[in-house]
Peer 1: 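Attaching a single structure in structure tokens format; questions to follow.
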Amino acid sequence: MADFEIKDLRASVEGKEILKGVTLGINKGEVHAVMGPNGSGKSTLSYALMGHPGYKIDGGEVLFKGQNVLGLEPDVRARLGIFLAFQYPVVVPGISMTNFLRTAINAQRGYDGKDKSKQVSPKEFRSMLKGELEVLHMDDSFLPRYINDGFSGGEKKRAEILQMAMLKPEIAILDETDSGLDIDSIKFVAEAVNRMRGPNLGVLIITHYTRILEFIKPDFVHVLVDGRFVLSGGSEVADRLETTGYSEWMEADEPAVLAKEEVS
Amino acid sequence: MGFNAETLEQAVQGEPDWLLDRRRTALSSFERLPLPSRTDEEWRRTNLAGLDLPAYARFEQRNGHVPERSALPSGVIFEPLAIAAQRHASLIEPLLFSLVRADRDRFSALHAAFFTGGNFVYVPDGVTIDEPILGQHFSHEGGTSVLPHTLIVAGKGARFNYLDEYIAEGDETEGYRSGSAEIFVGEGAEVGYVAVQKWGRNAWHLADQRARLEKDSTLKLFNVTLGARFSKTRVEASLVGPGATAELKGIYFASGEQFFDFHTLQDHQVGNTTSDLLFKGALQDVARTVYAGLIRIEKGAARSDAYQANRNLVLSDKAKATSIPMLEIDNNDVRCTHGATVGPVDPNHLFYLRSRGIPERTAKRMIVQGFFGQVLDRIPFQQARELIEAELEARLG
């Protein structure tokens with residue numbers, strides 16, 4: 001069995017069945033890409049894995065560290081080592097990025113406001129931040145700002161990867177991290193992710209486009225259409241999609257071409 | 001016993017005749033005025049059942065807390081009001097209870113007749129005080145009344161900050177409390193006023209904070225309501241000179257069975273005046289709050305600019321916030337904006353924080369702190385901000 005095992009996962013949103021039985025095993029050290037057209041269930045997969053309350057689990061299980069994580073609260077999943085980089089990072093007014101990051105790291109270390117020895121020290125926190133900011137080509141001016149408030153699209157996505165780097169998950173789900181990013185931002189994000197790749201991290205990249213896979217080479221590529229995987233293979237699957245798009249699995253009246261995303 | 005002439009004569013000895021006369025007049029108003037009825041719009045949502053006024057007709061301290069005096073510029077007066085009434089009658093007599101009127105209702109009359117403690121702050125023309133002036137008012141025991149009154153007079157161009165802190169020390173039994181303030185902001189003056197109400201959780205608190213702003217003056221008022229089982233506060237500013245600016249901000253956090261009621265008034269009597277009001281509250285458990293705010297633009301008050309907002313974060317299904325913004329505009333050449341929101345924590349905010357491993361309880365606390373954070377930036381001076389942040393932190397747990 002894989003380190004992170006998704007078995008026959010079925011999920012619905014507002015009564016509509018979206019995931020119709022997804023099975024996927026991810027080992028640490030591997031990078032998997034899930035590709036699919038709009039509406040195929042990509043985002044539902046990422047939210048369901050993280051435990052968003054708006055997504056109802058209808059069946060299946062997700063086994064990680066000997067537990068079915070589908071029964072766990074989102075924060076428990078996160079502390080177990082699962083991370084989701086959001087497609088649309090949420091703006092939370094009134095809470096600074098610094099406070100957010102520090103609280104998240106403390107929570108992961110089991111600091112509950114009592115045992116100060118578990119708390120990240122200001123010095124350690126600063127040094128953790130400094131290295132990661134450099135890799136992501138970010139400066140520290142965003143730290144006192146409220147969470148994602150007024151960030152550009154690129155800043156938001158980079159901030160997601162910064163959080164990942166700080167929290168050091170064992171399973172990271174990147175939900176359309178490439179969408180809305182200019183090519184430089186994609187390169188910085190890819191560089192940061194590639195630095196984290198290794199025997200302690202399994203990655204699930206969810207994407208519509210093949211572009212990010214040029215910079216983060218996947219070991220496995222799975223094609224998700226209408227809530228099911230229709231094709232799985234190595235990185236050659238992405239190359240095939242690059243030329244043919246999703247047309248072979250789509251109804252004739254739907255867009256067939258895997259167009260390059262417009263970047264403004 | 002009860003609040004009567006005998007109690008009054010015992011409670012206030014050695015005060016000047018003009019003040020005694022005024023107290024006696026207020027007492028007769030108190031005896032004449034009925035308890036506000038729920039048919040009265042202002043009191044419609046306010047439940048006074050359980051208030052046993054006569055039971056609280058005892059006083060803990062006659063002259064109140066003697067303020068600690070740091071070095072103040074010459075000419076500045078900062079004294080307990082009862083003492084200042086003797087020494088500075090010519091300054092106080094024309095102003096005392098001219099803004100917070102003794103005959104407004106039964107509770108205003110009670111306060112004016114029996115007020116104990118509170119401070120007189122007088123800053124002459126052109127004087128700036130860098131350090132904030134701190135007034136502290138204590139209650140130590142239940143079954144009593146603690147009724148401090150603050151009178152602030154800012155001369156032309158005076159600049160200073162003042163804090164009223166209402167503190168309960170081990171006082172968790174029933175009692176009657178007020179904490180009223182009259183603030184006269186002279187021409188071109190800039191005054192910061194912060195009131196932090198943290199009486200014991202079984203106290204009844206009824207208070208009026210009212211300011212009068214002359215030409216080109218600025219008031220930054222910040223009200224914090226945390227204590228009492230029942231707290232009704234009126235926050236009112238009259239803009240009587242062109243160029244006057246009133247910033248009225250407030251926060252409240254209600255838990256358990258607390259009931260808070262706020263009535264605010266932005267009274268633009270003349271034109272070219274600005275008022276900016278924001279009251280933000282969070283409620284949990286079975287707490288209830290009522291906010292009713294009125295912007296009144298009088299006929300001649302052209303080119304007035306008024307903003308009013310009340311935002312409520314409701315943290316439990318059983319807590320209830322009511323928000324009633326009102327406008328009364330007799331001039332068309334004005335800019336008025338108002339709005340009110342009542343809602344729970346955004347589940348997407350909560351999910352985002354929890355997806356980073358932050359437990360639900362901590363995440364909710366951060367969201368509440370964040371909700372208040374934006375208005376805390378408007379506290380007019382640092383010392384008050386530190387105090388308020390610490391109080392909030394302790395209460396959010």
Side-chain angles (χ1 to χ4, degrees), chain A residues 46-47 49-55 72-113 144-149 156 159-160 162-164 166-169 172-173 175, chain B residues 224 249-253 278-282 309-315 317 339 341 343-379 382 385-386 388-390 392-397:
Chain A
S46 65
Y47 281 134
L49 292 176
M50 202 67 232
H52 191 292
Y55 295 78
L72 303 176
E73 295 292 325
D75 52 286
V76 180
R77 297 185 201 194
R79 293 197 298 275
L80 210 54
I82 304 171
F83 180 89
L84 169 63
F86 283 57
Q87 181 181 2
Y88 303 108
V90 180
V91 175
V92 189
I95 303 172
S96 72
M97 286 299 292
T98 311
N99 182 11
F100 174 48
L101 286 168
R102 188 184 287 117
T103 309
I105 290 167
N106 282 333
Q108 196 188 40
R109 294 181 177 191
Y111 172 66
D112 57 3
R145 288 159 70 185
Y146 295 151
I147 299 173
N148 294 319
D149 188 23
K156 282 183 184 169
E160 292 291 291
L162 174 72
Q163 292 167 47
M164 174 179 163
M166 300 284 282
L167 293 170
K168 298 187 173 45
I173 305 151
D175 185 5
Chain B
V224 180
K249 308 280 167 172
I251 58 168
Y252 45 97
F253 179 64
L278 175 61
F279 271 55
K280 285 186 121 177
N310 173 230
R311 314 261 172 240
N312 295 281
L313 189 59
V314 182
L315 301 169
D317 294 342
T341 53
V345 170
D346 185 328
N348 287 313
H349 293 175
L350 197 56
F351 177 66
Y352 191 66
L353 298 188
R354 295 184 74 190
S355 78
R356 301 307 185 236
I358 300 172
E360 181 171 16
R361 194 183 151 84
T362 309
K364 271 195 172 172
R365 193 189 69 219
M366 291 172 79
I367 288 168
V368 178
Q369 281 173 329
F371 171 77
F372 285 131
Q374 293 159 302
V375 67
L376 296 181
D377 291 342
R378 310 306 292 271
I379 296 172
Q382 185 59 26
R385 178 168 184 151
E386 285 167 12
I388 293 163
E389 283 181 336
L392 275 180
E393 178 125 6
R395 279 158 212 267
L396 294 176

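Chain letters run A, B, ... following the sequence lines, proteins first, then strands; residues in each count from 1.
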Peer 1: Relative to chain B, which segment of A/Ile95 carries a heavy atom at a distance below 4.5 Å: side chain, backbone, both, or neither?
Peer 2: both
Peer 1: With only heavy atoms counted, which part of B/Ile367 is less than 4.5 Å from chain A, the side chain, the backbone, both or neither?
Peer 2: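 Looking at B/Ile367, backbone and side chain both touch chain A.
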Peer 1: Quick one: which residue pairs count as a salt bridge (charged side-chain N to carboxylate O under 4.0 Å, His left out) with a foot in residues 78-101 of chain A, not counting sequence neighbours?
Peer 2: A/Asp75-A/Arg79
Peer 1: Hey, are the side chains of B/Ser355 and A/Phe83 touching, using non-hydrogen atoms and a 4.5 Å cut-off?
Peer 2: no
Peer 1: Sequence neighbours left out, what passes salt bridge (charged side-chain N to carboxylate O under 4.0 Å, His left out) with B/Asp377? Give chain and number order.
Peer 2: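 Salt bridge (charged side-chain N to carboxylate O under 4.0 Å, His left out) check on B/Asp377 returns B/Arg385.
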Peer 1: Under 6.0 Å from the CD atom of B/Gln374, do we count more than 12 heavy atoms belonging to anything else shown?
Peer 2: yes
Peer 1: Between B/Arg356 and A/Leu84, is there a donor-acceptor pair closer than 3.5 Å when you use the side chain of the first and the backbone of the second?
Peer 2: yes
Peer 1: Counting only heavy atoms closer than 4.5 Å, note whether A/Val91 contacts chain B via side chain, backbone, both or neither.
Peer 2: backbone
Peer 1: Quick one: does B/Leu353's side chain get under 4.5 Å of A/Ile147's, heavy atoms only?
Peer 2: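 Yes - at least one pair of side-chain heavy atoms lies under 4.5 Å apart.
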Peer 1: Quick check: under 4.5 Å, non-hydrogen atoms only, which of residues 99-109 of chain A neighbour chain B?
Peer 2: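 At a heavy-atom separation under 4.5 Å, chain B is reached by A/Asn99, A/Phe100, A/Thr103, A/Ala104, A/Ala107.
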Peer 1: Test of understanding: with ring-ring contact (aromatic ring centres under 6.0 Å, His included), list the residues that count as partners of A/His52, not counting sequence neighbours.
Peer 2: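 ring-ring contact (aromatic ring centres under 6.0 Å, His included) list for A/His52, sorted by chain: A/Tyr47, A/Tyr55, B/Phe351.
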Peer 1: Taking atom CZ as the centre, does B/Arg378 end up with more than 12 heavy-atom neighbours from other residues, nucleotides or ligands that are less than 6.0 angstrom away?
Peer 2: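 No.
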Peer 1: Okay, side chain of B/His349, backbone of A/Val90: is any donor-acceptor separation there less than 3.5 Å?
Peer 2: no
Peer 1: For the atom pair CD (B/Gln369) and OG (A/Ser96), what is the distance rounded to the nearest 0.5 Å?
Peer 2: 10.5 Å
Peer 1: To the nearest 0.5 Å, what is the distance between CE (A/Met50) and OH (B/Tyr352)?
Peer 2: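 OH of B/Tyr352 is found 11.5 Å from CE of A/Met50.
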Peer 1: How long is the straight-line distance from OH of A/Tyr88 back to CG of B/Asn348, given to the nearest 0.5 Å?
Peer 2: 13.0 Å
